[in-house]
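Please read these numbers as outputs of a predicted model, since none were measured by experiment. Throughout, a chain's letter reflects where its sequence line sits, starting with A, and its residues are numbered from 1.
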There are 2 protein chains.
Amino acid sequence: MKDLLYLKDEQIKDCIQLLINAYRETLSDPKDVLKKKSLGFAHLRTMYLIDMESGISVNELLYKLKITKQSLNRVLKDLKRLKIIKQIKDNKDTRRRLLYFDKDGQKIHNEVFEAQKKRIFNALKDSDPNSVIKFKDVLSKIINGKK
Amino acid sequence: MKDLLYLKDEQIKDCIQLLINAYRETLSDPKDVLKKKSLGFAHLRTMYLIDMESGISVNELLYKLKITKQSLNRVLKDLKRLKIIKQIKDNKDTRRRLLYFDKDGQKIHNEVFEAQKKRIFNALKDSDPNSVIKFKDVLSKIINGKK
DNA sequence: AAAATATGTCAACATATCTGACCAAAAAAT
DNA sequence: ATTTTTTGGTCAGATATGTTGACATATTTT
């Protein structure tokens with residue numbers, strides 16, 4: 001049995017606090033860029049997923065964002081209106097309408113990403129590659145761990 | 001000059017995604033406990049700070065939460081009404097009204113914390129103490145790093 | 001006495017989320 | 001061929017959290 005005495009409640013509370021603040025700061029960096037386009041965090045999170053997985057379906061987005069389709073639909077409507085994303089029917093299953101960046105989409109998303117990049121980059125640049133992997137690993141475990 | 005080739009945009013995007021999801025999952029664990037008491041995340045974040053620094057002032061809370069006093073006031077009003085917190089005048093400066101848990105406060109906060117604890121604990125229990133320190137260090141750097 | 005600080009409050013509004021109901025097209029199951 | 005399920009879209013109303021701006025009160029500092 002491993003010695004877990006170092007893992008006291010105070011440590012865990014610290015982690016929760018840090019997580020809350022890191023989330024807030026990271027999300028607040030692109031606030032101005034987003035505001036110029038009348039976009040919010042909901043739009044940003046959706047753009048991130050479309051950037052990382054071009055051609056993602058609405059259902060997959062719903063699964064990953066963990067919001068209701070009514071909420072997502074408003075976001076998608078905005079993004080389509082602004083020519084940031086477009087939907088193209090899947091030939092194999094024409095019920096599915098896959099999501100891609102439209103003309104301005106990639107450019108705007110890159111702008112948003114640049115606004116966030118430095119904060120994360122600076123936090124990681126002094127760590128060795130192994131630490132970065134461990135950092136991601138702990139976050140993954142937090143996400144996938146059952147309660 | 002350090003070799004930072006491993007720190008590509010994809011890695012950074014991964015980190016942002018993980019941060020967003022870890023925040024969401026961590027905050028959603030105590031949802032049911034909070035709902036029973038008609039409380040939300042705003043109340044939870046305030047309770048955390050009062051738990052970690054008993055006797056904190058309203059101004060310090062405002063600084064740490066980065067919200068307006070009008071928002072905070074609504075939260076404090078709820079918590080006082082529910083006998084979760086109480087305010088006691090600072091003898092040295094009676095303008096200040098320091099915040100403490102009231103009768104039911106600590107108990108309810110412990111309930112909330114227990115709902116979140118396991119997720120963080122399980123994520124950290126396989127890491128050595130040094131990794132936990134590094135994890136917290138990276139999060140701190142994300143928070144304090146300038147854009 | 002005047003200015004600054006700490007706190008509280010009102011009102012109007014913005015954003016992002018939710019629930020619940022309902023609809024249509026296409027695919028899958030029977 | 002008909003029924004059921006899946007995928008996506010929409011309307012309406014509600015809740016939680018945040019904002020801005022204006023104003024009030026008590027206390028401390030200058």
Can you tell whether the side chains of B:E25 and A:K66 come within less than 4.0 Å, N to carboxylate O? no
Looking at CD1 of A:I85 and NZ of A:K77, how far apart are the two atoms once the value is rounded to the nearest 0.5 Å? 12.5 Å
To the nearest angstrom, how far is A:L72 atom CG from C:dC18 atom P? 10 Å
Assign A:K35 to base, sugar-phosphate, or nothing according to its heavy-atom contacts below 4.0 angstrom with the strands shown. nothing
Output yes when B:D29 and B:R24 qualify as a salt bridge under the 4.0 Å nitrogen-oxygen rule, no when they do not. no
When rounded to whole Å, the CG to P distance for the pair B:L61 and D:dT17 reads 15 Å
How would you label the contact of A:T94 with the nucleic acid (heavy atoms, under 4.0 Å): base, sugar-phosphate, or nothing? sugar-phosphate
Do the side-chain N or O atoms of B:T68 get closer than 4.0 angstrom to the phosphate oxygens (OP1, OP2) of D:dT19? yes
A:K92 has an atom NZ; how far is it from atom P of D:dT7, in whole Å? 15 Å
State whether B:R24 places a side-chain N or O below 4.0 Å from either non-bridging phosphate oxygen (OP1 or OP2) of C:dA16. no
How would you list, by chain and number, every residue that makes a salt bridge (charged side-chain N to carboxylate O under 4.0 Å, His left out) with A:R96, sequence neighbours excluded? A:E60, A:D90
Give a yes/no answer on whether the side chain of B:H43 brings an N or O atom under 4.0 Å of OP1 or OP2 in D:dT17. yes
Selection residues 17-74 of chain A - residue pairs positive for ring-ring contact (aromatic ring centres under 6.0 Å, His included), sequence neighbours left out: A:Y23-B:Y23, A:Y48-A:H109
Within a strict 4.5 Å, meaning less than it, do heavy atoms of the A:L27 and A:L44 side chains meet? yes
Interatomic distance, A:I67 CD1 vs D:dG8 C1' [rounded to whole Å]: 14 Å
Whole-Å distance between C:dA16 C1' and B:Y23 OH? 12 Å
If I take atom CG in residue B:L34 and atom P in nucleotide D:dA16, what distance separates them, rounded to the nearest angstrom? 12 Å
Measure the spacing between CG of A:D9 and CD of B:E114 and express it to the nearest 0.5 Å. 6.5 Å
When the distance from CG of A:L65 to C1' of D:dG8 is rounded to whole Å, what number comes out? 15 Å
Generate the contact string for nucleotides 3-14 of chain C. Rules: B means base contact, S means sugar-phosphate contact only, - means no protein heavy atom under 4.0 Å. --BSBBBB----
Between atom CG in B:L44 and atom C1' in D:dT17, what is the gap in whole Å? 14 Å
Under-4.0 Å side-chain N/O to phosphate OP1/OP2 contact, A:S71 with C:dA16: no
